[in-house]
Each structure stands twice: as structure tokens, then as C-alpha cells.
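What follows is one structure encoded as C-alpha cells, with my remarks underneath.
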2 protein chains.
Amino acid sequence: MMSNTYQSTAEELIRKEGGRATEGRVRILALLLAEEQAITHREIEERLPGQQPDRVTLYRVLQWLADRGLIHKITSDDRVWRFHVNHAAYSRQHAHFKCTKCAKVVCLEDLPSGRHMTLPTGYQFQTIELTVKGLCAQCV
Amino acid sequence: MMSNTYQSTAEELIRKEGGRATEGRVRILALLLAEEQAITHREIEERLPGQQPDRVTLYRVLQWLADRGLIHKITSDDRVWRFHVNHAAYSRQHAHFKCTKCAKVVCLEDLPSGRHMTLPTGYQFQTIELTVKGLCAQCV
DNA sequence: TTCGTTATCGCAACTCAGTTGCACAAATTG
DNA sequence: CAATTTGTGCAACTGAGTTGCGATAACGAA
């Protein structure tokens, strides 16, 4: 069951961003705070106890949280966004791991020193996106 | 206009895989052989001169070519697959570059030595997917 | 060259993630 | 409390990709 701490932390974080701490926002952010992995829109819906907010509202809340840097979106090869809270360690660029069997996604702390990749002449570096694929501990 | 060389190379490659060298397959593969960048399903449709094959056929041809290793699919954050021929340099793992302005995608030859990324204990490495983002020479 | 097999194509209809527009509801402010 | 802003819920839409199935056309054998 969800600890009350996450609820109040979520509320606090949302207020700090100058947004209204509505029930939906608080519940969604609290759920993400309690979650280890990066999870999809679908998974969030499934894990929200009781009455779920409207699909569209969920998308909008997630976008709102991402815009304010409270969470981040992760691309994947299954064309589905996954969402994860921005803990201190993950607040900036980091790599992701995706299990090729169970599709679980977790954040990895360090980004290898690939920052100096040689680009074609005239190209300008901005960011790097790195996903390591393999089997997670449960699927090995 | 498309060189005849690509047509015959395409036909040869398809035959070598034991498939029927149908008009659609040959035209699509020839187009990809002539193409520098990794392009989307949509872009392929647009660039096919004259009568286009059915949408579904195009998807199936691309899947068929990818299954046989003649081309490879590239993930992106816009939820659209891009396709690129497997030249010798790109036949195995390599990084990709995506322009954040014009969405152009090109293949980069080298993959940085990120193979020794530290994974959580019990996790097993398989492959690495790396996309560098920035501005291409035309968009700088 | 024709013929039979069967790989491949084309169509229609579908799935699924995500988006947009708009009226309504709930906060917040004066 | 009225006015304004902010967020929600519904319906309808978009766009990529998929599935089922009957029709078509490669290609090897005769």
C-alpha cells in the first residue's frame, strides 16, 4: 500500500512548481515517487488504486510533470513512453537499461564517456541517448 | 533519377536471400541502396516514383528485408521507425545521429567503448543502443 | 510456353499510443 | 460572492503499424 509520505512529498513538489495540487496530480506523482522502474502510461493506470483519472488527464499530468522536470520521459523501441521520477542521481543525463524479455526499464546512474563521439563535420552535439539492452536479474 | 545499378544490385541481393524479386521489393531496396540517410516509411512512399505499392506491402517488404539483415530499423523518439541499408560499416552495432531540427537520421560508424557499463548485479548485457542528438550541418 | 504451387500483394478493417477541441468543474483572486 | 484562471472529462481524431483473407503473380517443373 502507498505510504502517506509520498502523498505529502508529491503535494509539496507540485506546490513548489506553482501548480494546483489536485487529487489526480498528487496520486500520480506519489505513485511515481514510490516506483523503482520507469513505467508506462498503461502501467500507471493499472496501479492507481480505486477510481482512475481520465486517460487524457493522465497524459496531461505526465506532460505537466515532465515539463517542470519532476519526472522524465524515456523513449523505447516499443513506441511507448515510460516515466520515471527525477531523483538527484537521475536529474541530468543518464543511461537506461531495458530488459529484452520482460520489457522492464530502469535508470542507470552513469553515462559512459561517449560525449566525444566523432560527428560528421559541421554537426553540432547536443545530447546523447543511451539504452543498454539485456536481461534483468529476474529474467536471466 | 535512380541508377539502374541499384535495381540490379537489389534484385541480386533479394535472390541471394531466396526470395522472389518482385517489383515492389526491388524498387524499395534499390531506393534504400541509393539513400544516404535512414528514412521513414512515409519518406520511402514519397520518394517512390510512379505508382506506389500498398502501405501494408511496404511495411511487409521492410520487415522482410530487415529480417534477412539487408537493412536495419532504427528507433527514435518520434515513435517512427527509420530504415537504412546495411553497408559493411553498419552491418553490426553502431550509433545513430538525429538532428533535433529537421529530424534527419544518419548512421555513425563507431560505437564508443560503452560496453563496460556497470549494470546492477545479476543483469546481463546484450546490446547497446546509442543516439546522439544535435544539429546537422544544414541546420546549424 | 504453359501450368501449378505458393510466396507475395492489396484491400479492409483493426489496434494502440497519444492528441485536440471544447464544455464543464474546481480553485483562486479581488 | 462574482470573475477569472486552471484543470478535468468526454468525444472524436491522428498516425504508425498490424492482421486476416481472397486475389495475383513469381518461378520452377513439365
Side-chain angles (χ1 to χ4, degrees), chain A residues 10-30 38-48 50-68 70-84 98 103 105, chain B residues 7-8 10-31 38-48 50-68 70-83 98 103 105:
Chain A
E11 208 172 318
E12 199 179 317
L13 286 168
I14 292 167
R15 287 247 159 71
K16 206 177 289 173
E17 292 297 327
R20 294 185 185 164
T22 61
E23 192 196 331
R25 274 188 192 160
V26 174
R27 291 210 311 155
I28 293 164
L29 182 51
I39 55 177
T40 64
H41 176 274
R42 269 290 168 84
E43 290 166 332
I44 295 174
E45 272 186 331
E46 288 164 8
R47 297 181 200 189
L48 277 177
Q51 167 176 332
Q52 277 123 23
D54 175 70
R55 247 165 38 83
V56 178
T57 299
L58 179 44
Y59 277 117
R60 286 199 269 234
V61 167
L62 291 170
Q63 192 56 55
W64 189 89
L65 293 170
D67 287 346
R68 269 121 198 118
L70 295 178
I71 66 176
H72 63 277
K73 297 167 82 166
I74 301 169
T75 319
S76 180
D77 51 9
D78 54 12
R79 314 186 344 116
V80 175
W81 289 106
R82 284 177 174 74
F83 301 88
H84 194 251
K98 179 166 183 190
V105 173
Chain B
Q7 300 278 349
S8 41
E11 209 173 317
E12 200 180 318
L13 287 167
I14 292 166
R15 288 245 159 74
K16 207 177 287 174
E17 292 297 327
R20 293 187 185 167
T22 61
E23 192 196 329
R25 274 190 192 157
V26 174
R27 289 180 59 209
I28 293 164
L29 181 52
L31 187 141
I39 55 177
T40 65
H41 176 274
R42 267 293 168 86
E43 290 166 332
I44 295 174
E45 271 187 331
E46 288 164 8
R47 296 180 201 190
L48 277 177
Q51 168 178 332
Q52 277 123 25
D54 175 70
R55 249 165 38 83
V56 179
T57 299
L58 180 43
Y59 277 117
R60 287 199 269 235
V61 166
L62 291 170
Q63 192 56 55
W64 189 89
L65 293 170
D67 287 345
R68 268 119 197 122
L70 294 178
I71 65 175
H72 63 276
K73 296 166 83 168
I74 301 169
T75 318
S76 180
D77 51 8
D78 55 11
R79 315 188 342 115
V80 176
W81 290 107
R82 283 176 175 74
F83 302 87
K98 178 165 182 190
V105 172

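Values below: every heavy atom of this structure, side chains too, minus hydrogens, waters and symmetry copies. These numbers come from a predicted model, not from an experiment. So that the names make sense, note that chain A is the first sequence line, chain B the second, and so on, each numbered from 1.
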- Starting at the 5' end of DNA chain C and moving along, which residue's nearest nucleotide shows up first, A:H41 or A:R15? A:H41
- Item | Whole-Å distance separating the CD1 atom of B:I44 from the P atom of D:dA16 | 13 Å
- Task: Working to the nearest 0.5 Å, report the span between CZ of B:R79 and OG1 of A:T75.
- Result: 11.0 Å
- Task: Could you state the atom-to-atom distance from CG of B:D54 to P of C:dA12 in whole Å?
- Result: 10 Å
- Parallel under 30°, tilted from 30 to 60°, perpendicular over 60°: which one fits the rings of A:H41 and A:Y59? parallel
- Query: Which atoms form the tightest heavy-atom contact between B:S76 and B:V80, and what is the distance?
  - Reply: CB-O, 3.9 Å
- Task: Report the nucleotide, chosen from D:dT19, D:dG7, D:dT8, that has the shortest atom-to-atom distance to any side-chain atom of B:V56.
- Result: D:dT19
- Taking only N and O in the side chain of B:W81, is any of them less than 4.0 Å away from OP1 or OP2 of D:dA16? no
- Message: Less than 4.0 angstrom between a side-chain N/O of B:R79 and OP1 or OP2 of D:dG15, yes or no?
- Response: no
- Query: Base, sugar-phosphate alone, or nothing: which one does A:R55 contact when heavy atoms must sit under 4.0 Å apart?
  - Reply: base
- Task: Would you name the heavy atoms of B:E43 and B:T40 that are closest together and state the gap between them?
- Result: OE1-N, 2.7 Å
- Task: Would you classify A:R60 as touching base, sugar-phosphate or nothing, given that sugar-phosphate means primed atoms plus P, OP1 and OP2, and contacts are heavy atoms under 4.0 Å?
- Result: base
- Item | Whole-Å gap separating P (D:dT14) and OH (A:Y59) | 17 Å
- Task: May I ask you to say what B:G19 touches in the nucleic acid, namely base, sugar-phosphate or nothing, with a heavy-atom cut-off under 4.0 Å?
- Result: sugar-phosphate
- Task: Quickly work out the B:L58 CG to D:dA16 P distance and round it to whole Å.
- Result: 12 Å
- Task: Could you state the atom-to-atom distance from CG of B:D77 to C1' of D:dG15 in whole Å?
- Result: 16 Å
- Query: CH2/A:W64 to OG1/A:T22 distance, rounded to the nearest 0.5 angstrom?
  - Reply: 8.5 Å
- Message: For a quick test of reading the model: is some side-chain N or O of B:T22 closer than 4.0 Å to OP1 or OP2 of C:dA7?
- Response: no
- Query: Using a cut-off of less than 4.0 Å, is there contact between a side-chain N or O of A:T57 and OP1 or OP2 of D:dG9?
  - Reply: yes
- Message: Mind checking if B:V80 touches a base, just sugar-phosphate, or nothing, with heavy atoms under 4.0 Å?
- Response: sugar-phosphate
- Message: I want to check one thing: is the phosphate of C:dC16, taken as OP1 and OP2, less than 4.0 Å away from some side-chain N or O of A:R42?
- Response: no
- Note on the structure: Whole-Å distance, A:E23 CD to C:dA25 C1', equals 14 Å
- Task: Mind calculating the distance between CZ (A:R20) and P (D:dT6) to the nearest angstrom?
- Result: 7 Å
- Nearest-nucleotide wise, let me know which of A:P53 and B:K73 is further upstream toward the 5' end of DNA chain D. A:P53
- Whole-Å gap separating P (C:dA26) and CZ (A:R25): 16 Å
